[in-house]
Amino acid sequence: MTPEHQHLIESTWQQVVPIADTAATLFYERLFQLDPDLGFLFAGTDMGKQKGKLVEMLSDVVGNLDHLEDLLPMIAALGRRHVDYGVEAHHYDLVGQALLDTLATGLGEAWSDSAAEAWAAAYGLISTTMQDGAATMVPQAKSA
Ligand code: HEM
């Protein structure tokens, strides 16, 4: 990720924060529109709380872009927990698509091709790290 990417992510995220709750609602609507079958993963989930957790995690990442390497172990652990939630590798592309579509809708004129490129780079790094974390799970650890 370049310093330009970092700047674009920080400045666009600042505009999302005041509408974070609406953005999170839009995000899950878009995700279930892209794949209605994904609903089963969230069948027992309190979506109100889940939205807060997603926004909090994204805020954490955006606030630490200049030393993201410090967060990588935490992100890998998040990926390992996602295996227990039933999340599979191909779900990551759908979530990435839903995230970018939501940002584009939420930001309107403030959205641009460069912002899309920056967010895609950041999401790519996070999702690869989560999946690498998931891949390091051994079967015994999975149910521990
Ligand atoms: C950048 C990628 C992602 C981030 C930052 C993220 C963030 C989170 C966070 C913070 C939680 C709360 C629980 C915890 O901390 O372990 C969570 C739970 C969950 N996430 Fe994700 N997630 C991502 C990708 C995905 C993907 C690809 C899916 C699959 C569609 C998914 C489905 C779920 C489910 C099913 C839960 C559990 C909900 C429950 O507690 O019932 N997430 N996610």
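All ligand and atom numbering here is 1-based and tracks the order in the structure. Note that these values count all heavy atoms, side chains included, but never hydrogens, waters or copies made by symmetry.
- The two residues A110 and Q15 come nearest to each other via the heavy atoms CB-OE1, 3.3 Å.
- Annotation: E56, atom CD; neighbour count of heavy atoms from other residues, nucleotides and ligands within 6.0 Å does not exceed 12.
- Looking only at protein heavy atoms, the nearest one to atom 5 (C) of ligand 1 is M57 CG, 3.5 Å.
- Residues passing the ring-ring contact (aromatic ring centres under 6.0 Å, His included) test with Y28 are F42, sequence neighbours excluded.
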Discussion item. Go through it in stages, so that I can follow the logic: the residues are W119 and L8, the test is side chain to side chain contact (heavy atoms under 4.5 Å, CB included), and I'd like the CA-CA distance, side-chain angles, deciding distance and then a yes or no.
Written reply: CA-CA 8 Å; W119 275 96; L8 278 164; over 6 Å; no
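- Only the side chain of M130 comes within contact range of ligand 1, with a heavy atom under 4.0 Å; no backbone atom does.
- Close contacts of ligand 1 with I126, meaning ligand atoms under 4.0 Å from a residue heavy atom, involve 1 (C).
- Residue R81 places at least one N or O, backbone or side chain, under 3.5 Å from an N or O of ligand 1.
- Looking at atom 35 (C) of ligand 1, its nearest protein heavy atom turns out to be L41 O, 3.4 Å.
- Each of V55, V62, L107 was compared with V16 under the side chain to side chain contact (heavy atoms under 4.5 Å, CB included) criterion, and only L107 meets it.
- Less than 2.8 Å away from atom 21 (Fe) of ligand 1, the protein contributes these N/O/S atoms: H82 NE2.
- Scanning all protein heavy atoms for the shortest distance to atom 39 (C) of ligand 1 gives T45 OG1, 3.3 Å.
- A98 and L34 make their closest contact through N-CD1, 3.8 Å (heavy atoms, listed as atom of the first residue, atom of the second, distance).
- Less than 4.0 angstrom separates some heavy atom of Y123 from each of these atoms of ligand 1: 1 (C), 2 (C).
- There is a side-chain donor-acceptor pair under 3.5 Å between W13 and S59.
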Contacts table for residues 73-83: side-chain donor-acceptor under 3.5 angstrom, sequence neighbours left out:
unit_1, atom_1, unit_2, atom_2, d
R80, NH1, T136, OG1, 3.4
H82, ND1, L78, O, 2.7

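- With a 4.0 Å heavy-atom cut-off, ligand 1 is reached by the backbone of H91 and by its side chain too.
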Discussion item. Quick one, W111 with L103, criterion side chain to side chain contact (heavy atoms under 4.5 Å, CB included). Give me CA distance, side-chain angles, the key distance, then yes/no.
Written reply: CA-CA 7 Å; W111 192 240; L103 290 167; 3.7 Å; yes
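- Screening residues 91-108 for salt bridge (Lys or Arg N to Asp or Glu O under 4.0 Å) gives R30-D101 as the qualifying pairs, with residues at least two apart or on separate chains.
- Here is the list of ligand 1 atoms found below 4.0 Å of a heavy atom in F42: 32 (C), 33 (C), 34 (C), 35 (C).
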